[in-house]
Participant: 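So that we are looking at the same thing, I have put the structure below in structure tokens.
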Amino acid sequence: MSHDHDHDDELALRAAALEAVLVEKGLLSTDQIDAIVERYEQDLGPRNGARVVARAWVDADYRARLRADGAAAIRELGYGGFEGDTMVVVENTPGVHNVVVCTLCSCYPWPVLGLPPSWYKSPAYRARVVAEPRAVLREFGLELPAETEIRVWDSTSEVRYLVVPERPERTENLTEDELAALVTRDSMIGTGLAARPDA
Amino acid sequence: MGGMHGFGAVVTAGSDRVAGDPWELRVFALSTRVGIEGLGEGSGRAIREKMQPAAYLGAGYYERWLWSTERRLLRRGTVTADEIDAWVERLRAGEQAPRRDDPDAARAAVAATGRAKPLAPAETPRFAPGDHVRVRRMRPPGHTRCPRYVRGAAGVVQAVRGLDAFPDIGPYEGPDEAVYSVAFDSGDLFGPSGEGPWTVSLDLFESYLEPA
């Protein structure tokens with residue numbers, strides 16, 4: 001949503017005032033807010049999810065654990081918490097492509113992907129990807145074969161979803177870290193594919 | 001809003017940004033503190049849906065969070081509207097916001113965001129994978145996790161996700177109940193499409209479902 005500057009200024013003032021009242025009352029310390037912001041800006045992000053995907057690509061046992069209990073397997077790599085309490089991991093295969101949305105609000109697996117990009121929260125994405133997924137994926141530059149089965153997951157409960165994209169071809173010799181570098185955020189939402197090593 | 005028309009393109013200039021202005025992430029962080037410390041009353045998610053619909057659609061994402069966080073605090077009586085308004089004017093006049101640091105509390109606040117509470121297993125679910133179900137026709141008066149676009153549609157249970165507190169209010173209010181992953185054919189939700197068929201899966205509470 002676009003706003004004029006005056007409106008944005010008013011929101012910023014109101015947000016600061018709310019914080020000021022709570023700090024003044026001794027109910028909140030400023031560094032609690034600083035620390036949470038830093039955590040979500042710097043520590044939580046799609047690099048976490050990429051490590052999960054890369055591990056799943058190289059380790060069949062891990063992949064099986066991920067399938068059985070997503071949150072527990074993700075916790076093995078040190079990630080978990082709010083909006084990742086119960087995780088379902090869905091896997092793309094040559095014939096199946098998964099894509100995730102939350103039509104009701106904007107539920108998103110924070111521990112593995114961080115906070116969502118603007119488009120994920122937009123009315124356009126929330127309204128359209130359940131009703132015309134191929135048209136939406138095309139906007140992201142993703143044209144899937146006509147025979148590919150598309151599965152859309154609407155996160156309507158406390159369950160959060162992570163897509164394991166297909167492992168790109170000609171990556172047999174890459175290390176796990178090199179593989180993780182190919183895993184884009186959008187490929188774990190389903191609006192993209194993992195990058196090719198030569199790309 | 002699943003299935004609605006008229007919102008335009010998904011991918012637009014700036015649509016890839018995660019957070020814009022610094023206040024947006026501070027409101028996000030504040031909201032988590034309000035929840036954990038019990039400073040507010042009610043669910044932020046449910047309160048946001050009480051926004052007047054035109055205002056809801058016109059508001060930015062973190063603007064809605066600001067709105068709901070303020071209302072949670074007011075409902076609990078933690079703050080008053082006069083106190084907030086007064087600080088808005090003091091800040092507008094150039095006064096510095098008060099600052100207080102408490103490193104132990106800051107560490108604890110971050111640690112709290114790492115806590116997880118997985119859904120408990122459902123011991124006696126009414127439906128099993130493979131069951132054909134239909135979503136009840138309903139018009140809940142407040143918050144619900146049953147989108148309009150699936151009401152009345154038939155689908156197939158794929159999995160039992162676990163037990164969770166029923167989130168609806170009014171006549172649909174209830175205790176813990178089973179949540180199911182239910183798959184729907186696109187044609188049963190939206191009719192024929194030039195895109196060919198796809199499936200849409202939702203996690204639905206037992207009360208939303210009846211045998212089909």
Participant: So, Thr86(A) side chain and Leu119(B) main chain: donor-acceptor pair closer than 3.5 Å or not?
Facilitator: yes

Participant: Nearest 0.5 Å, please: how far is OG1 in Thr30(A) from CZ in Arg100(B)?
Facilitator: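 Rounded to the nearest 0.5 Å, the CZ-OG1 separation comes out at 7.5 Å.
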
Participant: When rounded to the nearest 0.5 angstrom, what distance separates CG in Leu104(A) from NE2 in His143(B)?
Facilitator: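 So the gap between those two atoms works out to 8.0 Å.
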
Participant: Determine, for Arg14(A) against Asp85(B), whether the closest basic-nitrogen to carboxylate-oxygen distance falls under 4.0 angstrom.
Facilitator: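 A salt bridge links Arg14(A) with Asp85(B).
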
Participant: Can you find a heavy atom in the side chain of Leu28(A) that is under 4.5 Å from one in the side chain of Val34(B)?
Facilitator: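 SC-SC contact between Leu28(A) and Val34(B) ruled out.
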
Participant: What distance separates Asp104(B) CG from Gln32(A) CD, expressed to the nearest 0.5 Å?
Facilitator: 10.5 Å

Participant: List the atom of Ala9(B), the atom of Ala124(A), and the distance in Å for their closest heavy-atom pair.
Facilitator: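 Nearest pair, atom of Ala9(B) first, then Ala124(A): O-CB, 3.5 Å.
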
Participant: Do Leu66(B) and Leu11(A) have side chains that get closer than 4.5 Å, going by heavy atoms?
Facilitator: yes

Participant: Which one wins on heavy-atom pair count under 4.5 Å against chain B: Asp186(A), Val136(A), Leu115(A)?
Facilitator: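 Ranked by contacts with chain B, first place is Leu115(A).
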
Participant: Kindly indicate, with the supporting measurements, whether the criterion side-chain contact (heavy atoms from CB on, under 4.5 Å) is fulfilled by Tyr40(A) and Val18(B).
Facilitator: CA-CA 11 Å; Tyr40(A) 279 88; Val18(B) 169; over 6 Å; no

Participant: Test side-chain contact (heavy atoms from CB on, under 4.5 Å) on Glu63(B) and His7(A); report intermediate values, then the result.
Facilitator: CA-CA 10 Å; Glu63(B) 182 176 352; His7(A) 182 64; 3.0 Å; yes

Participant: With only heavy atoms counted, which part of Leu202(B) is less than 4.5 Å from chain A, the side chain, the backbone, both or neither?
Facilitator: both

Participant: I need the residue from Val37(A), Leu44(A), Leu18(A) with the largest number of non-hydrogen atom pairs under 4.5 Å to chain B.
Facilitator: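 Greatest number of close heavy-atom pairs with chain B: Leu18(A).
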
Participant: For Ser155(A), is it the side chain, the backbone, both or neither that has a heavy atom under 4.5 Å from a heavy atom of chain B?
Facilitator: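 For Ser155(A), backbone heavy atoms alone lie under 4.5 Å from chain B.
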
Participant: Looking at every non-hydrogen atom in both residues, tell me the closest pair between Ile36(B) and Phe82(A) and how far apart they are.
Facilitator: CD1-CZ, 3.5 Å

Participant: Check whether any side-chain N or O of Asp31(A) sits under 3.5 Å from a backbone N or O of Asp102(B) as a donor-acceptor pair, and report yes or no.
Facilitator: yes

Participant: Could you pull out the closest heavy-atom pair between Pro123(A) and Leu57(B), with the gap in Å?
Facilitator: CG-CD2, 4.4 Å

Participant: Go through the atoms of Ala12(A) and report whether side chain, backbone, both or neither lie under 4.5 Å from a heavy atom of chain B.
Facilitator: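 When you check distances to chain B, atoms from both the backbone and side chain of Ala12(A) fall under 4.5 Å.
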
Participant: State which residue, out of Val79(B), Leu73(B), Thr78(B), Val88(B), fulfils the side-chain contact (heavy atoms from CB on, under 4.5 Å) condition with Val21(A).
Facilitator: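 Single pass found, and it is Val79(B).
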
Participant: How many angstroms lie between OH in Tyr125(A) and OG in Ser15(B), if you round to the nearest 0.5 Å?
Facilitator: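 Answer rounded to 0.5 Å: 12.0 Å.
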
Participant: Which atoms of Ala135(A) are under 4.5 Å from chain B, going by heavy atoms: the side chain, the backbone, both sets, or neither?
Facilitator: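 Both parts, heavy atoms under 4.5 Å.
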
Participant: Among Thr103(A), Val152(A), Leu27(A), which residue forms the greatest number of heavy-atom pairs with chain B at distances under 4.5 Å?
Facilitator: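 Option with the top pair count is Val152(A).
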
Participant: Begin from the C-alpha positions of Ser118(A) and Tyr61(B) and carry the test side-chain contact (heavy atoms from CB on, under 4.5 Å) through to its verdict.
Facilitator: CA-CA 8 Å; Ser118(A) 187; Tyr61(B) 181 73; over 6 Å; no

Participant: Using a cut-off of under 4.5 Å on heavy-atom pairs, state which of Ser122(A), Ala72(A), Cys105(A), Gly45(A) scores highest against chain B.
Facilitator: Cys105(A)

Participant: Using a strict threshold of under 4.0 Å (side-chain N to carboxylate O), is an ion pair present between Lys25(A) and Glu83(B)?
Facilitator: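 So Glu83(B) pairs with Lys25(A) through a salt bridge.
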
Participant: Quick one: does Arg128(A)'s side chain have a donor or acceptor within less than 3.5 Å of a partner on Gly8(B)'s backbone?
Facilitator: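 Looks like yes, one N/O pair under 3.5 Å.
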
Participant: Relative to chain B, which segment of Tyr108(A) carries a heavy atom at a distance below 4.5 Å: side chain, backbone, both, or neither?
Facilitator: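 Neither part, no heavy atoms under 4.5 Å.
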
Participant: Between Glu158(A), Lys121(A), Glu41(A), which residue shows the highest count of heavy-atom pairs closer than 4.5 Å to chain B?
Facilitator: Lys121(A)

Participant: Answer whether the closest heavy-atom distance between the side chains of Leu13(A) and Trp23(B) falls below 4.5 Å.
Facilitator: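 A side-chain contact under 4.5 Å is absent here.
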
Participant: Could you walk me through whether Glu10(A) and Arg92(B) pass the salt bridge (charged side-chain N to carboxylate O under 4.0 Å, His left out) test, one step at a time?
Facilitator: CA-CA 9 Å; Glu10(A) 283 306 310; Arg92(B) 197 195 306 281; 2.6 Å; yes

Participant: Under a 3.5 Å threshold, yes or no: a donor from one side chain and an acceptor from the other, between Glu24(A) and Trp87(B)?
Facilitator: yes

Participant: Can you check whether Ile33(A)'s main-chain N or O pairs, donor with acceptor, with Arg33(B)'s side chain at less than 3.5 Å?
Facilitator: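 Such a contact is absent between Arg33(B) side chain and Ile33(A) backbone.
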
Participant: Is chain B contacted by the side chain of Arg160(A), its backbone, both, or neither, given a heavy-atom distance below 4.5 Å?
Facilitator: side chain

Participant: Determine the option with the most heavy-atom pairs under 4.5 angstrom with chain A, choosing from Ala183(B), Pro103(B), Ala106(B), Pro22(B).
Facilitator: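 The answer is Ala106(B).
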
Participant: Quick one: CZ on Arg39(A) to OG1 on Thr32(B), what's the gap to the nearest 0.5 Å?
Facilitator: 12.0 Å

Participant: Answer with side chain, backbone, both or neither: which region of Val200(B) has an atom nearer than 4.5 Å to a non-hydrogen atom of chain A?
Facilitator: both

Participant: Whether the side chain of Asp85(A) engages the backbone of Lys117(B) through a donor-acceptor N/O pair (distance < 3.5 Å, no angle test) should be reported.
Facilitator: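 Checked: pair present.
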
Participant: Should we count CD of Glu169(A) as having more than 12 external heavy atoms under 6.0 Å?
Facilitator: no

Participant: Select one option (side chain, backbone, both, neither) describing which atoms of Glu95(B) are under 4.5 Å from chain A's heavy atoms.
Facilitator: neither

Participant: Quick one: are Val88(A) and Asp203(B) in side-chain contact, heavy atoms under 4.5 Å?
Facilitator: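 Side chain of Val88(A) against side chain of Asp203(B), heavy atoms only: no contact under 4.5 Å found.
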
Participant: Is it the case that atom CZ in Arg148(B) sees more than 12 heavy atoms from other parts of the structure closer than 6.0 Å?
Facilitator: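 No, CZ of Arg148(B) has 12 or fewer neighbouring heavy atoms, counting only those of other groups under 6.0 Å.
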
Participant: In terms of heavy-atom pairs under 4.5 Å with chain A, which of Asp21(B), Thr69(B), Asp164(B), Asp101(B) leads?
Facilitator: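 Highest number of heavy-atom pairs under 4.5 Å: Asp101(B).
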
Participant: Quick one: does Glu139(A)'s side chain have a donor or acceptor within less than 3.5 Å of a partner on Val10(B)'s backbone?
Facilitator: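 Yes: the side chain of Glu139(A) pairs with the backbone of Val10(B).
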
Participant: Using side-chain heavy atoms (C-beta onward) and a distance below 4.5 Å, is Tyr149(B) in contact with Asp154(A)?
Facilitator: yes

Participant: Between atom CZ of Phe205(B) and atom OG1 of Thr156(A), what is the distance when rounded to the nearest 0.5 Å?
Facilitator: 8.5 Å

Participant: Heavy atoms, side chains only, cut-off 4.5 Å: are Val11(B) and Trp119(A) in contact?
Facilitator: no

Participant: Could you tell me which portion of Trp67(B) (side chain, backbone, both or neither) has an atom closer than 4.5 angstrom to a non-hydrogen atom of chain A?
Facilitator: neither

Participant: For each of Glu70(B), Met1(B), Arg107(B), tally heavy-atom pairs with chain A at distances under 4.5 Å, and name the one with the top tally.
Facilitator: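 Greatest number of close heavy-atom pairs with chain A: Met1(B).
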
Participant: Are any of the side-chain nitrogens in Asp16(B) or Arg185(A) under 4.0 Å away from the carboxylate oxygens of its partner?
Facilitator: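 Yes, Asp16(B) and Arg185(A) are salt-bridged.
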
Participant: Using a 4.5 Å cut-off on heavy atoms from C-beta on, say whether the side chain of Arg45(B) contacts that of Cys107(A).
Facilitator: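 Yes. Closest side-chain heavy atoms under 4.5 Å.
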
Participant: Return the minimal non-hydrogen interatomic distance between Ile36(A) and Phe28(B), and the atom names on each side.
Facilitator: CG2-CE2, 4.5 Å

Participant: Can you tell whether the side chains of Arg99(B) and Asp34(A) come within less than 4.0 Å, N to carboxylate O?
Facilitator: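 So Arg99(B) pairs with Asp34(A) through a salt bridge.
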
Participant: Taking every heavy-atom pair that is under 4.5 Å apart, which of Ala35(A), Pro133(A), Ser157(A), Gly80(A) has the most such pairs with chain B?
Facilitator: Pro133(A)

Participant: Could you tell me whether a side-chain N or O of Glu149(A) sits under 3.5 Å from a main-chain N or O of Trp198(B), the two making a donor and an acceptor?
Facilitator: no

Participant: Which bit of Glu89(B) comes within less than 4.5 Å of chain A, counting heavy atoms only: side chain, backbone, both or neither?
Facilitator: neither

